[in-house]
Each structure stands twice: as C-alpha cells, then as structure tokens.
Colleague: 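Sharing a structure with you now.
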Amino acid sequence: MGLAPKRTQAAGTLTVLLEQVPPFSYADSEGRAQGYAVDLMHELLRRSDLTPQIEFNSWAGIYQRALTQPRSLVVSMARLPEREALFHWIGPTAARRAYLYRLKSRPDIQVPQLEAAKAYRTAVVREDAAERELLAQGFEIGKQLDRSPDHAAMLRKLFMQRNELIAANSTVAQVMAERTGYDFNQIEPVFKLSEQSLYMGLRRLEANQGLAKQLLKHWDLMRRDGTVAAIAARYPQVTLD
C-alpha cells in the first residue's frame, strides 16, 4: 500500500473573518457569504488547498480575532501604518476612498479643511480605518467621534441627524445606503479623508510564515493570469486603482 501524499504546510482549514460591508462581503438571504472579497478569497484558498471556515462579526470583533487567532484571514482591510508590522498583506485587492459625508439638507455644515470637522459630531465604525485616521489627527471618541458597531448604524445616525457627519469608504457607504433603504443621493462628501488600497490580512507570526508564503504565491498567480480583474468585473462598484 502506497504512502498518502504529504500535505503542504498551508493545507487544512483557515478561519475567514467577514464583516457586513457590501459589495466586499455580506451574507445573502440564506446566510451564505457573498461579495467581491469573498469571491477572491474562495479562489485563493481553492488554489492553496485550504478550506475556509467563515465567521461574520463586527469590525471590532474581526480585528481582535485576527490579532489573537493565528490561522485567521481578514478578507478586506486598509493597510494603515499602525497595522503594517502586524500582518502579512495579500493584495492590493481594491481601491479605498474615504470621505466625510453630510446630508445635502445641511449646507451649514462646512469642512474646508479637516480641522473644521472638529466642530461637529462624526459617526464612525468602531476600530474602522476611518476612525483610526481621525484619531491620529487629534479627534476624540465621545467628543467629536461617535462610535457605531457597523455601517448601517452609522448611516442611521446621520439620517436621523443624531450626528452631523459620517466617515466612510465611498463604495461601502453607497451600497449600504441602498441596502438599508436610505437614499444615497441625499448625502454628499464634504472632505476627502484618505485614499489607499484594501488588502487581505494574515497575522504576522512565525507559525504563519509558510501559510503566508503559499497565499502570496497564489495571489500573484491570480493577479498575473487575469483572475483578479475578471472577478472585479462582476462588481461595477469596485475599482482596482
């Protein structure tokens, strides 16, 4: 009887951490994971001989899990300076443009420069990249920043005028507004907060070195053979650069 084939270091299962942020990742009406980043993840893990164990959570919960559970993959995350040394970065997967938004019915809210936004209350998603960027610029939680667990709650606060501004990825803000019944045409950007790329993230640990190498190898092949562009073409809201 022959020996069973030797499994690679990357073989097995990988916990995949997802947030409800369409069009990147979301659960459909039957609870199945869908979205651009989900499609990328499935193809990457298929090529890497890995089986995903998918978990949905708030962004704060995802980030904490990613830091404490070695074999866990975040499918869509901004590459901030404070996160740089903590993760292996797989990507870039998509462009991210974050803005401060106001209701069009509130032209009195003026933000000619970022400092001016400190005069208003801005809704942010807890531990989201936009929150981290504003904290780095001297904004304070509980003073200028009002934390929300997710994008739906953040939008609700804006439309109920509990907050004057929201800080959000433009792609997610538009799709989430449509999915939660709000008219995106009733809001407008007043200040561009940042522009950068999104990546998949795997905790940078010695135990993850082989896994990271395997994932990065297959990501590069997906990029070069046109798979990434083909998947992006299914999602007109997503831009690669």
Side-chain angles (χ1 to χ4, degrees), residues 19-26 35-37 58-60 62-63 76-83 91-141 143-199 232 235-241:
E19 184 185 10
Q20 295 279 3
V21 284
F24 299 102
S25 59
Y26 59 94
Y36 167 67
S58 66
W59 173 251
I62 286 170
Y63 193 66
S76 190
M77 178 165 54
R79 190 170 179 170
L80 302 180
E82 66 189 71
R83 299 173 180 170
T93 60
R96 171 187 176 271
R97 296 176 179 88
Y99 294 87
L100 297 178
Y101 290 90
R102 71 180 180 191
L103 291 172
K104 287 183 178 178
S105 61
R106 293 294 308 274
D108 56 301
I109 298 171
Q110 297 289 325
V111 187
Q113 63 277 330
L114 186 57
E115 190 67 19
K118 291 181 178 178
Y120 307 107
R121 289 269 288 181
T122 299
V124 293
V125 172
R126 183 184 181 93
E127 296 294 344
D128 182 65
E131 180 195 90
R132 304 307 302 175
E133 289 164 339
L134 290 170
L135 288 172
Q137 295 299 319
F139 287 70
E140 297 179 37
I141 295 165
K143 189 175 180 181
Q144 297 97 353
L145 302 182
D146 183 14
R147 279 179 150 176
S148 299
D150 53 41
H151 288 76
M154 182 176 64
L155 282 163
R156 183 167 60 250
K157 290 177 181 179
L158 178 68
F159 279 91
M160 291 177 65
Q161 298 196 50
R162 288 177 55 187
N163 295 131
E164 290 92 356
L165 299 166
I166 61 170
N169 176 330
S170 58
T171 301
V172 175
Q174 179 176 358
V175 178
M176 280 299 298
E178 294 168 353
R179 286 175 174 267
T180 52
Y182 295 111
D183 184 359
F184 187 72
N185 291 321
Q186 291 183 26
I187 72 175
E188 60 187 355
V190 291
F191 187 84
K192 188 173 185 178
L193 189 57
S194 62
E195 181 170 350
Q196 59 202 166
S197 294
L198 296 172
Y199 288 75
Y235 297 88
Q237 309 97 329
V238 172
T239 56
L240 296 181
D241 49 34

Colleague: Starting at CD1 of Ile109, measure out to NZ of Lys104 and round the result to the nearest 0.5 Å.
Modeller: 14.5 Å
Colleague: Quick check: do Glu133 and Leu80 have side-chain heavy atoms less than 4.5 Å from each other?
Modeller: yes
Colleague: Could you pull out the closest heavy-atom pair between Asn163 and Ala123, with the gap in Å?
Modeller: OD1-CB, 3.3 Å
Colleague: Working to the nearest 0.5 Å, report the span between CD of Gln137 and OG of Ser194.
Modeller: 10.5 Å
Colleague: With heavy-atom distances below 4.5 Å as the criterion, would you say the side chains of Tyr101 and Glu188 are in contact?
Modeller: no
Colleague: Give, for atom CG of Asn169 and atom CD of Gln174, the distance between the pair rounded to the nearest 0.5 Å.
Modeller: 10.5 Å
Colleague: Would you say the side chain of Arg132 lies within less than 4.5 Å of the side chain of Arg83, judging by non-hydrogen atoms?
Modeller: yes
Colleague: Quick one: does Met176's side chain get under 4.5 Å of Leu155's, heavy atoms only?
Modeller: yes
Colleague: Starting from the C-alpha separation in whole Å, work towards a yes-or-no answer on side-chain contact (heavy atoms from CB on, under 4.5 Å) for Val172 and Phe24.
Modeller: CA-CA 8 Å; Val172 175; Phe24 299 102; 3.7 Å; yes
Colleague: Indicate the atoms forming the closest heavy-atom contact of Lys157 with Ser148, along with that distance.
Modeller: NZ-OG, 3.0 Å
Colleague: Would Gln237 and Thr171 count as a side-chain hydrogen bond (donor to acceptor under 3.5 Å, both in side chains) if you check the C-alpha gap in whole Å, the side-chain angles of each, and the deciding distance to 0.1 Å?
Modeller: CA-CA 6 Å; Gln237 309 97 329; Thr171 301; over 6 Å; no
Colleague: If you look only at pairs with a residue in residues 146-172, which of them pass as a ring pair (Phe, Tyr, Trp, His ring centres under 6.0 Å), with sequence neighbours excluded?
Modeller: Phe159-Tyr182
Colleague: Side chains of Val238 and Pro23, heavy atoms from C-beta outward: is any pair under 4.5 Å?
Modeller: yes
Colleague: At what distance, to the nearest 0.5 angstrom, does OG of Ser25 lie from CD of Gln20?
Modeller: 7.0 Å
Colleague: For residues Tyr36 and Ala94, report the shortest heavy-atom separation together with the two atoms involved.
Modeller: CE2-CB, 4.0 Å
Colleague: State the OG1-CZ distance between Thr180 and Arg156, to the nearest 0.5 angstrom.
Modeller: 9.0 Å
Colleague: Is any side-chain heavy atom of Arg106 closer than 4.5 Å to one of Gln161?
Modeller: yes
Colleague: With a 4.0 Å cut-off, would you call Glu164 and Arg121 a salt bridge?
Modeller: no
Colleague: Identify the heavy atoms of Ala167 and Thr122 that sit nearest to each other, and give their distance.
Modeller: N-CG2, 3.8 Å
Colleague: I'd like to know if the side chain of Ser170 and the backbone of Ala98 have a donor-acceptor N/O pair within less than 3.5 Å.
Modeller: no
Colleague: As a test of understanding, state which of Leu158, Leu165, Ile166 forms a side chain to side chain contact (heavy atoms under 4.5 Å, CB included) with Leu103.
Modeller: Leu158
Colleague: Quick one, Leu114 and Phe191 - any side-chain contact, counting heavy atoms below 4.5 Å?
Modeller: yes
Colleague: If you take all heavy atoms of Trp59 and Glu19, which pair is closest and at what distance?
Modeller: CB-OE2, 3.4 Å
Colleague: Is there a donor-acceptor contact under 3.5 Å linking the side chains of Arg96 and Ser76?
Modeller: no
Colleague: In Å, rounded to the nearest 0.5 Å, how long is the span from CG of Asp128 to CE of Met154?
Modeller: 7.0 Å
Colleague: Specify the closest pair of heavy atoms between Pro92 and Tyr199, including all atoms of both residues, with the distance to one decimal.
Modeller: N-CE2, 3.4 Å
Colleague: Can you tell if the side chain of Glu131 reaches within under 4.5 Å of the side chain of Phe139, non-hydrogen atoms only?
Modeller: no
Colleague: Pick out which of Leu145, Asp146, Leu135 makes a side chain to side chain contact (heavy atoms under 4.5 Å, CB included) with Val124.
Modeller: Leu145
Colleague: Examine distances only and state if a side-chain atom of Gln144 and a backbone atom of Ile141 form a donor-acceptor pair shorter than 3.5 Å.
Modeller: no
Colleague: Does this structure show an ion pair linking Glu127 with Arg147, if we count only N-O contacts that are shorter than 4.0 Å?
Modeller: yes
